[in-house]
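Quick one: the structure is below, and I'll ask about it shortly.
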There are 4 protein chains.
Amino acid sequence: MRALVKTKAGPGMELQEAPQPACGPNDVLIRVHHAGLCGTDLHIWNWDSWASQRLKPPVTIGHEFAGVITQLGPEAEATGVLAVGDEVTAEGHIVCGHCLQCRTGSAHLCRRTQIIGVDRDGAFADYIAMPESNVMKLEGIATEIGAIMDPMGNAFHTVFETDVTARTVFILGCGPIGCFAVGVARAAGASLVIASDIIERRLDIARTMGAHVTLNASSDDVTAQIRELTDGEGVDVVCEMSGHPSGHAQAFAVARLGGRINLLGTPSQTTEVDFARDIIFKGLTLYGVTGRRMYRTWHQMQRFLRAGLLDPLPVITHRFPLESFTEAFQVIKAGKAGKVILAIGA
Amino acid sequence: MRALVKTKAGPGMELQEAPQPACGPNDVLIRVHHAGLCGTDLHIWNWDSWASQRLKPPVTIGHEFAGVITQLGPEAEATGVLAVGDEVTAEGHIVCGHCLQCRTGSAHLCRRTQIIGVDRDGAFADYIAMPESNVMKLEGIATEIGAIMDPMGNAFHTVFETDVTARTVFILGCGPIGCFAVGVARAAGASLVIASDIIERRLDIARTMGAHVTLNASSDDVTAQIRELTDGEGVDVVCEMSGHPSGHAQAFAVARLGGRINLLGTPSQTTEVDFARDIIFKGLTLYGVTGRRMYRTWHQMQRFLRAGLLDPLPVITHRFPLESFTEAFQVIKAGKAGKVILAIGA
Amino acid sequence: MRALVKTKAGPGMELQEAPQPACGPNDVLIRVHHAGLCGTDLHIWNWDSWASQRLKPPVTIGHEFAGVITQLGPEAEATGVLAVGDEVTAEGHIVCGHCLQCRTGSAHLCRRTQIIGVDRDGAFADYIAMPESNVMKLEGIATEIGAIMDPMGNAFHTVFETDVTARTVFILGCGPIGCFAVGVARAAGASLVIASDIIERRLDIARTMGAHVTLNASSDDVTAQIRELTDGEGVDVVCEMSGHPSGHAQAFAVARLGGRINLLGTPSQTTEVDFARDIIFKGLTLYGVTGRRMYRTWHQMQRFLRAGLLDPLPVITHRFPLESFTEAFQVIKAGKAGKVILAIGA
Amino acid sequence: MRALVKTKAGPGMELQEAPQPACGPNDVLIRVHHAGLCGTDLHIWNWDSWASQRLKPPVTIGHEFAGVITQLGPEAEATGVLAVGDEVTAEGHIVCGHCLQCRTGSAHLCRRTQIIGVDRDGAFADYIAMPESNVMKLEGIATEIGAIMDPMGNAFHTVFETDVTARTVFILGCGPIGCFAVGVARAAGASLVIASDIIERRLDIARTMGAHVTLNASSDDVTAQIRELTDGEGVDVVCEMSGHPSGHAQAFAVARLGGRINLLGTPSQTTEVDFARDIIFKGLTLYGVTGRRMYRTWHQMQRFLRAGLLDPLPVITHRFPLESFTEAFQVIKAGKAGKVILAIGA
């Protein structure tokens, strides 16, 4: 089969012929139909310091995907839930099930997490084997949408970690996950959704996804405008999706007394924080978002998608066949794309 | 009557004769029996930058107190709850009741808060007038204890903002509030309470209050020892009570994946934070503690004190008559005291 | 001024001339523009066993209203929030502020609650005096809508006592509060809202308010249809708004394992409950709804109404001048009306 | 090996020779050291209507146990967490992992639950095979204690489903689970723990476990005394552990306005409930307890037991070798025992 592989330390990747993965007793083998390209994949391509410390080549890349089950291991078959021919997607964090985090509702923080496409072979390939417990049936959701439920799940996790109904929400950063977050907050009955970015193309998508107000952080006085939009109060909830150090300062500046900041964007530098002024005297709550709640987040997504409460299609801006992976990565690098999809099988 | 007054901009205070405060329609007049001296009072004495920006002398100082009701305004009388002769204490944050925070369960963060002894006349005086809604009957709690329910409430607020039962808790900083927090966490069934400070006298008090383990941050490797005490996991909950910039770094280092840091100590400098490593990848929650939940915190204190679940007396290390206020302030300045009490009336 | 008064024990009411109410130090005097007629008012009219035990005639009736401030007591003026000319509505439960419930976030359950129009003079009159703490500015919400925020608040309280976003919700009973609840659940992103009643006119309103599916309990097999609509699972949340004993049995039958039933409708008879089968083995949570969360519910309503997330107008089916009160009560008695409004002043 | 088997429809059980259970790929084989006898086992012995509808003989009985791992299936071995020689206990509910409940944090309510000793072979035998995901290491907890963590977990689940710290708690029914609940509530800092039963022997155990007050429901006026003990308020939390219909009426009578009733005891009859008076006007929350939170409850137990916060030994009143099972069942039938232990292996 074809597989996009990080073959060795250093930049780049190679599309190779590889053996079909073995399907263990608890596994299902999945024919990949669509996969999503992620900023993490670009870090791996670029072989930055995070990637070089974490990956052990050769590794097949890719962690966002959906496809069709072609084989089940005997134990996976015995559970009687999944079957050959089922259209499915999967949580890409494979966890131990035994640690404190796994046992107490925080499996997304398992210390022994293995991420597909990072710590073990991933989904930019014709086939992938996944533990059956990580696999979910799409039941009517298209595989192209199933392929982006991983990043969409980051957005659901970020937005739903606090109540947003009847509240004012600021989405700081309109990459694909930020744009999903806009749609999620709107569908959940946020009374005001403000979105910011420095790229107009992204603000266009955010408006399509339902932002009441968009602000261009390179030209608008974001803090002043948010104050004005909220009667001087600031917003109830900030979703920090940019990872830019200036994002943190802005998040603190616009969160209201008693507000909440959910942090998803991962900065590459440290930030100066005035704990007294910015957190303690404001009575703020901060929360760091990793992955997706296993599996509450997936359940919420399925409900939203099947009920038509969220249409993620406007976020998808590019589609490429697997062979055009170099072009796909260039689009990501250019920084103006929404979600980029690889069409792999059918 | 006597009143300890910040008479003018600059260091120091003066004990003066002052008129008894007026008792408005919604007020009760309280003969002060005991009052507690707080770090905030020292900031005011020293006239630091915070104090000089906030206070408008002349102001009678003091916000921690208990005493006996001597008079009620007609509306306070009409509610029928309080009466002359009742032993009482009071919440020192006087709030508007109408803002978003007041209306949605966060009155402790009211934007229009007036703090007694800071924004209006306080309790280091023979009498203080308080709105009846801020006043609570002691019903068997001694006035000396009632006088320190304000800072004890900071400890309850900090500890109870998350579940500590069956959890590991690290109290970082053993000033009076930290020592109260040790006792609160123990009484609530924390499975391990670790306390740190750099002053042995304070660690002694923390042990008396129930700390399973105390660590001297100037000689022990706190992070290594906490890792060892928690099977390498880190603690579930950190209560940051020191306000020292190194406290934040230590809090991040010892909080477990998915853990929580409740921040009470107010640092005078900014701190460098690695949001990706310290908050996002760890899935941490941070919460800034201001004041006391109005009035859930007070209710919890009354229950704990009346049931004998918490004995705060070991935290009180010094008692002075009002006239010895200079000596009392010197004890606070020396930085080794627990709680310092002023005996004012009877 | 005019006032609709329960003058004596027994059925009926009288429209009388009455003195304008006194405006106490903490009160505001409000010129009533619109008021809502409620099932409770009908109980009072009919002088049923509840009414005869609770009311002490003479009492001016009416607890749902909105109008304009014409006078402020000196303490109400001093808070600086409200002013003559403000369009306002008010929470009709006047609470003590000191009991366990008031002090711990459940003021709606205050043991000393005085309800306007029941325990003290109410709003079916040209003027009403209210404590300023119970009064909220409409700021752009029409007084006709402000007049029904009391029952709308019951709906918000019922729906928002659990998370309904991405969940399936069954509104059992489509009186005015049930119809509001349909709209609230839809706006908050419920993935499926099913509503039932036995009167087609009410099901029409429920559909207008956004119900995905309506069921006529007199002709449809409600349980079977809900099972089918939910893949055999049952619904996540039942809002019992009918108060009919059969409603409880149906609620238990259609709530899913681990589901929740919020109970608002007040039955006049007892119900047989199989605790083992219906609650324990299903792991259900039940919650009894009284009044409105003070004041979180009001804040949520303001946000929803100002953001256009809920349009309550379709629920209003009748409008009468105060003089036509007899006709208004007859419409309520007939049991087919939505919300009935009295236009009182301007 | 020996196994206590329900061989056929009808009362009684037989101790038989049986083949050692097969150890599947995901299973561990456990040499049973101690097992606990439960009311459920008595229902099976008696072959009551529940048992006759649910069990399909032959079935080895017993669901509470602890022992030592003697073998691991290859997939269980691969996870690297468990090893031969580990002292372990296990959750007896074997769940599907895929249903709505399993995916959203309520696996204890999985619709496909298989209970050991009921739906498949259980633990009153020399060996039992269990899926590795259900197995937890004791790490210092004695196997005799490990054997009763299943019912102790029911107590933890019941008590910890709401906050009991600084609250008043009424444990209604002092069978073994009620007695555990007394100890759990005390250790978690309940300010008042009242326990009731009609058997003095059980009230003795409840006092040993820490009840502040015990009431004999056959001679004391429970409602009146609880009102008096709580200043007329009623208790914050009722844990209904009796399953007696009169228990429900009493629970409603003594729960305070805004209180909570957690229901564990399973009545064999229906109860009349006045929903308006007992639930809605009181603003009560009810919760039905099934099993143990998987696996938060187990984690809490491990923490409490290892920290010495709970000593369950006083609840164990009888110990028998497996061969004396008839005698053990007679002790249970007599209704005066605490926990009854079978010593099986070593």
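Below, read A as the first sequence line, B as the second, and so on, with proteins coming before strands; counting in each chain starts at 1.
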Should the ring pair A:F275 and B:F252 be called parallel, tilted or perpendicular, given that the plane angle runs from 0 to 90° and is split at 30 and 60?
tilted

Identify whether the distance between the nearest side-chain nitrogen and carboxylate oxygen of A:R227 and A:E233 falls below 4.0 Å.
no

Return the set of residues passing side chain to side chain donor-acceptor pair (under 3.5 Å) with B:H108 (not counting sequence neighbours), or none when no residue passes.
none

When the 4.5 angstrom heavy-atom criterion is applied to A:L284 and chain B, the contacting part is backbone

For A:V289, is it the side chain, the backbone, both or neither that has a heavy atom under 4.5 Å from a heavy atom of chain B?
backbone

For the pair A:R260 and A:D236, find out whether any cationic side-chain nitrogen is under 4.0 Å from an anionic carboxylate oxygen.
no

Which atoms of A:L264 approach chain B - backbone, side chain, both or neither, heavy atom under 4.5 Å
backbone

Tell me, side chain or backbone of A:S106 under 4.5 Å from chain B's heavy atoms, or both, or neither?
neither

As an exercise: rank B:T290, B:T285, B:V273 by heavy-atom pairs under 4.5 Å with chain A and give me the winner.
B:V273

Closest-packed option against chain B by number of heavy-atom pairs under 4.5 Å, given A:D274, A:T104, A:I261, A:L257:
A:L257

Distance, nearest 0.5 Å, that separates CD of A:Q101 from CZ of B:R256:
5.5 Å

Where on A:E272 is there a heavy atom nearer than 4.5 Å to chain B: the side chain, the backbone, both, or neither?
both

Would you call B:K339 and B:E64 a salt bridge, taking side-chain N to carboxylate O under 4.0 Å as the test?
yes

Pick one of side chain, backbone, both or neither for A:R277, based on which atoms fall under 4.5 Å of a heavy atom in chain B.
neither

Which one, A:N262, A:L263, A:D278, leads in non-hydrogen pairs under 4.5 Å with chain B?
A:L263

Not counting sequence neighbours, list each pair that qualifies as a salt bridge (Lys or Arg N to Asp or Glu O under 4.0 Å) and has a residue in residues 96-107 of chain A.
none

